[in-house]
Amino acid sequence: AGLVPFGKSTTPEFGLTATTETLLAGATRNPWNVAHSSGGSSGGAAVAVAARVVPVAHASDGGGSIRIPASCNGLVGLKPSRGRSVLAGRPDPGVDISVNGCVSRSVRDTAAWLAATEQTGDSATFTPVGAIAGASTERRRIMLDIPNALGNEPDAEVRAAVEAAAELCRSLGHTVIERRAPIDGPQFSADFILLWANGALEVVNLVRGMAPAGADLSQLLEPLTLELAAHAEAQGQAALMAAIGRLQAVQAQYAAMFSDADIYLTPVLAKPPVELGQIDGSKGMAVFETLSDYVGYTPLQNVAGAPAISLPLAWSQSGLPIGIHFSAPAGEERRLLELAYELEEAQPWAARVPGVNAG
């Protein structure tokens with residue numbers, strides 16, 4: 001595509017949490033307010049784009065890691081469908097949740113990235129999207145769902161922002177109906193955390209194999225990584241396989257939501273970007289008391305293998321970005337990008353620049 005990569009941006013340890021604050025390197029700060037989180041796991045990528053250091057940056061998403069930092073930093077963040085992009089590793093034999101994409105400042109740049117990186121040819125999982133260049137005249141049926149997977153309400157500013165986005169869609173001629181997703185939220189959350197913990201266990205086992213005999217892993221890995229791994233070990237393989245079975249069933253439940261809807265609309269996060277230190281990985285798994293509520297919206301599409309996009313349509317009263325989350329059935333990135341173009345034109349965000357920037 002002619003892009004020249006020139007650096008590695010910051011992430012939380014192994015991408016395991018939703019803020020880029022590490023014991024090793026400290027905090028990657030939000031350019032809209034440096035006392036607040038940049039999100040994660042692609043937090044450094046999002047800050048580099050938001051602060052005008054680069055126009056676009058690679059990001060990956062295994063539970064919201066494109067969409068969360070896009071929301072926190074006022075960017076466009078598209079999570080592609082599972083199998084849409086060129087392969088970057090071996091597929092997970094259980095539930096392959098992680099995909100590659102980008103964060104950018106415009107729908108145009110995100111659409112160009114997708115066109116450059118999608119699979120083509122006979123082996124492509126989906127019919128290629130190609131270069132989506134603008135909005136569609138087709139009007140969509142949008143399903144609005146504001147409480148998170150645990151049934152909890154978001155922050156009042158977030159609710160107001162999502163309701164305003166729904167009203168904007170209505171004003172453009174789309175149909176919006178409020179309805180809950182038919183997912184067992186608490187079970188889904190527990191199963192996803194166990195799947196996530198198994199990823200941490202793979203990391204810990206890899207480090208065990210590389211470290212000198214008798215090495216103190218607490219000097220090599222953060223408490224969250226170690227406690228997630230311990231959780232996976234304690235639950236055992238049978239519990240993991242049962243969780244994977246339930247998560248695989250969620251794929252069909254998610255797909256069924258679109259029998260009479262085209263797009264699913266929710267918040268990205270339950271709050272505007274939180275202050276640094278609120279999601280503290282040094283506390284280990286206790287952080288999930290805060291984290292599960294804050295990030296309860298994004299993992300569903302990773303499990304379903306579906307595309308989802310965060311759009312910077314709102315800002316809090318204190319000037320922090322609030323992303324709005326749209327998702328669609330697997331393979332329907334075109335649907336999301338066409339709507340995103342329309343919303344970008346109706347409510348432009350390009351003129352907004354954070355106080356910390358490279359300009």
Q.
Could you tell me if Thr19 and Ser37 have a donor-acceptor pair between their side chains, going purely by distance under 3.5 Å?
A. yes
Q | Side chain Thr290, main chain Ile279, donor-acceptor under 3.5 Å | A | no
Q: Inspect the surroundings of CZ in Arg108 and state if more than 12 heavy atoms from other residues, nucleotides or ligands are less than 6.0 Å away.
A: no
Q: Assess whether side chain to side chain contact (heavy atoms under 4.5 Å, CB included) is satisfied between Arg84 and Val129, documenting all intermediate values.
A: CA-CA 9 Å; Arg84 168 66 72 187; Val129 171; 3.3 Å; yes
Q: Using modelled atom types only, decide if a donor and an acceptor are shared between the side chain of Asp61 and the backbone of Val99 within a distance under 3.5 Å.
A: no
Q | Side-chain (Ser65) to main-chain (Ser41) donor-acceptor, under 3.5 angstrom | A | yes
Q.
My understanding is that only residues two or more places apart in sequence, or in another chain, count here; which of them pass ring-ring contact (aromatic ring centres under 6.0 Å, His included) with Tyr254?
A. Phe258
(Q) I'd like to know if Leu343 and Leu144 are part of one continuous hydrophobic network [Ile/Leu/Val/Met/Phe/Trp/Tyr, side-chain heavy atoms within less than 4.5 Å]. (A) yes
**Q.** Donor-acceptor contact present, side-chain Tyr341 to main-chain Ile132, <3.5 Å
**A.** yes
Q: Give, for atom CG of Leu291 and atom CD of Gln278, the distance between the pair rounded to the nearest 0.5 Å.
A: 11.5 Å
(Q) Test question: given the 4.5 Å side-chain rule for I, L, V, M, F, W and Y, name all other residues clustered with Leu24, or answer none. (A) none
Q) Do the side chains of Arg29 and Val47 get nearer than 4.5 Å, heavy atoms only? A) no
Q: Establish whether Val268 and Val303 are linked, either directly or via other cluster members, by ILVMFWY side-chain heavy-atom contacts under 4.5 Å.
A: yes
Q: Using salt bridge (Lys or Arg N to Asp or Glu O under 4.0 Å) as the criterion, list what pairs up with Arg179, not counting sequence neighbours.
A: Asp260
Q: Start with the C-alpha gap between Thr117 and Asn100, add the side-chain angles, then the distance that decides, and say whether side chain to side chain contact (heavy atoms under 4.5 Å, CB included) holds.
A: CA-CA 9 Å; Thr117 58; Asn100 287 283; over 6 Å; no
Q) Is it the case that one hydrophobic cluster holds both Leu336 and Leu313, taking links as side-chain heavy atoms less than 4.5 Å apart, direct or via other members? A) yes
**Q.** Heavy-atom pair with the smallest gap, counting every atom of Glu157 and Pro272
**A.** OE1-CG, 4.2 Å
Q. From Arg139 CZ over to Cys169 SG, what is the distance, rounded to the nearest 0.5 angstrom?
A. 9.5 Å
Q. Under a 4.5 Å cut-off applied to non-hydrogen side-chain atoms, are Asp109 and Val76 in contact?
A. no
**Q.** Gap separating the OG atom of Ser318 from the CG atom of Asn33, nearest 0.5 angstrom
**A.** 7.0 Å
(Q) With a sphere of 6.0 Å drawn around CD of Glu178, does it hold more than 12 non-hydrogen atoms of other residues, nucleotides or ligands? (A) yes
Q.
Check whether Thr298 reaches the backbone of Gly63 with its side chain - one donor and one acceptor, N or O, closer than 3.5 Å.
A. yes
(Q) Under a 3.5 Å distance rule, please check whether Ser171 uses its side chain to pair with a backbone N or O of Leu168 as donor and acceptor. (A) yes
Q. Tell me, do Asn73 and Pro31 make a side-chain contact under 4.5 Å, heavy atoms counted?
A. yes
**Q.** Cluster companions of Val54 among Ile, Leu, Val, Met, Phe, Trp, Tyr (side-chain spacing under 4.5 Å)
**A.** Phe6, Val49, Val53, Ile66, Leu75, Val103
Q: Return yes if some donor-acceptor pair links the side-chain N/O of Gln119 with the main-chain N/O of Val86 below 3.5 Å, else return no.
A: no
Q) Under 3.5 Å, is there a donor-acceptor pair between the side chain of Thr125 and the main chain of Gly83? A) yes
Q. Can you find a pair of side-chain heavy atoms, one from Glu118 and one from Pro80, that are under 4.5 Å apart?
A. no
Q.
Other members of the hydrophobic cluster containing Leu206, with the 4.5 Å side-chain heavy-atom rule, please.
A. Met210
Q) Closest approach of Ala328 and Arg335, non-hydrogen atoms and distance? A) CB-CD, 4.4 Å
**Q.** Distance-only polar pair, side chains of Thr10 and Thr28, donor-acceptor under 3.5 Å
**A.** yes
(Q) Less than 4.5 Å apart, side chain to side chain, heavy atoms only: is that true for Lys283 and Glu289? (A) no
Q | Residues forming a ring-ring contact (aromatic ring centres under 6.0 Å, His included) with Phe192, sequence neighbours excluded | A | Trp196
Q: Find out whether Cys72 and Ser38 are in side-chain contact, i.e. whether some heavy atom of one side chain is under 4.5 Å from a heavy atom of the other.
A: no
Q. What's the spacing between Ile322 CD1 and Ser310 OG if we round to 0.5 Å?
A. 11.0 Å
Q | Distance, nearest 0.5 Å, that separates CZ of Arg105 from CZ of Arg352 | A | 15.5 Å
Q. Which atom pair, heavy atoms only, marks the closest approach of Ser81 to Gly331?
A. OG-N, 2.8 Å
**Q.** Contact check, side chains of Pro321 and Pro312, non-hydrogen atoms, under 4.5 Å
**A.** no
Q | Sequence-distant partners of Arg334, side chain to side chain donor-acceptor pair (under 3.5 Å), two or more places apart | A | Glu338
Q | Tyr297 reachable from Val295 in the ILVMFWY side-chain graph, under 4.5 Å edges | A | no
**Q.** Partner set under side chain to side chain contact (heavy atoms under 4.5 Å, CB included) for Ile177, not counting sequence neighbours
**A.** Thr175
Q) Can you name the closest pair of heavy atoms from Pro354 and Ala50 and give their distance? A) CG-O, 3.2 Å
(Q) Applying a strict under-4.5 Å side-chain criterion to I, L, V, M, F, W and Y, I'd like to know whether Leu265 and Leu172 cluster together. (A) yes
Q: For Arg159 and Pro147, work out which heavy atoms get closest and say how close.
A: NH2-CD, 4.3 Å
Q) Within the side chain of Glu21, is there an N or O that forms a donor-acceptor pair under 3.5 Å with the backbone of Leu276? A) no
Exercise answer: donor-acceptor pairs, residues 224-241 side-chain atoms, under 3.5 Å, sequence neighbours excluded:
from, atom 1, to, atom 2, distance (Å)
Thr225, OG1, Glu13, OE2, 2.6
Glu227, OE1, Met285, N, 2.9

Q: List in chain and number order the residues that pass ring-ring contact (aromatic ring centres under 6.0 Å, His included) with Trp32, two or more places apart in sequence or in another chain; answer none if no residue qualifies.
A: Trp315
(Q) For the CG atom of Leu247 and the CG atom of Asp191, what is their distance to the nearest 0.5 Å? (A) 5.0 Å
Q | Listed partners of Arg140 passing salt bridge (Lys or Arg N to Asp or Glu O under 4.0 Å), at least two apart | A | Glu138
Q: Take Glu344 and Leu311 through the test side chain to side chain contact (heavy atoms under 4.5 Å, CB included) and record every step on the way to the result.
A: CA-CA 8 Å; Glu344 183 183 35; Leu311 296 178; over 6 Å; no
(Q) Working note: Tyr264 + Gln301, criterion side chain to side chain contact (heavy atoms under 4.5 Å, CB included); need CA distance, chi angles, decisive distance, verdict. (A) CA-CA 10 Å; Tyr264 181 47; Gln301 289 76 18; 3.8 Å; yes
**Q.** Heavy-atom side-chain proximity of Asp184 to Gln253 below 4.5 angstrom
**A.** no
Q) Looking only at heavy atoms, what is the nearest atom pair of Thr266 and Asp145, with distance? A) CG2-O, 3.3 Å
Q: Output the rest of the hydrophobic cluster of Trp113: all Ile, Leu, Val, Met, Phe, Trp and Tyr residues reachable through side-chain heavy-atom contacts under 4.5 Å, sorted by chain and number.
A: Leu3, Val56
Q.
Quiz question: by atom type and distance under 3.5 Å, do the side chains of Ser104 and Thr110 form a donor-acceptor pair?
A. yes
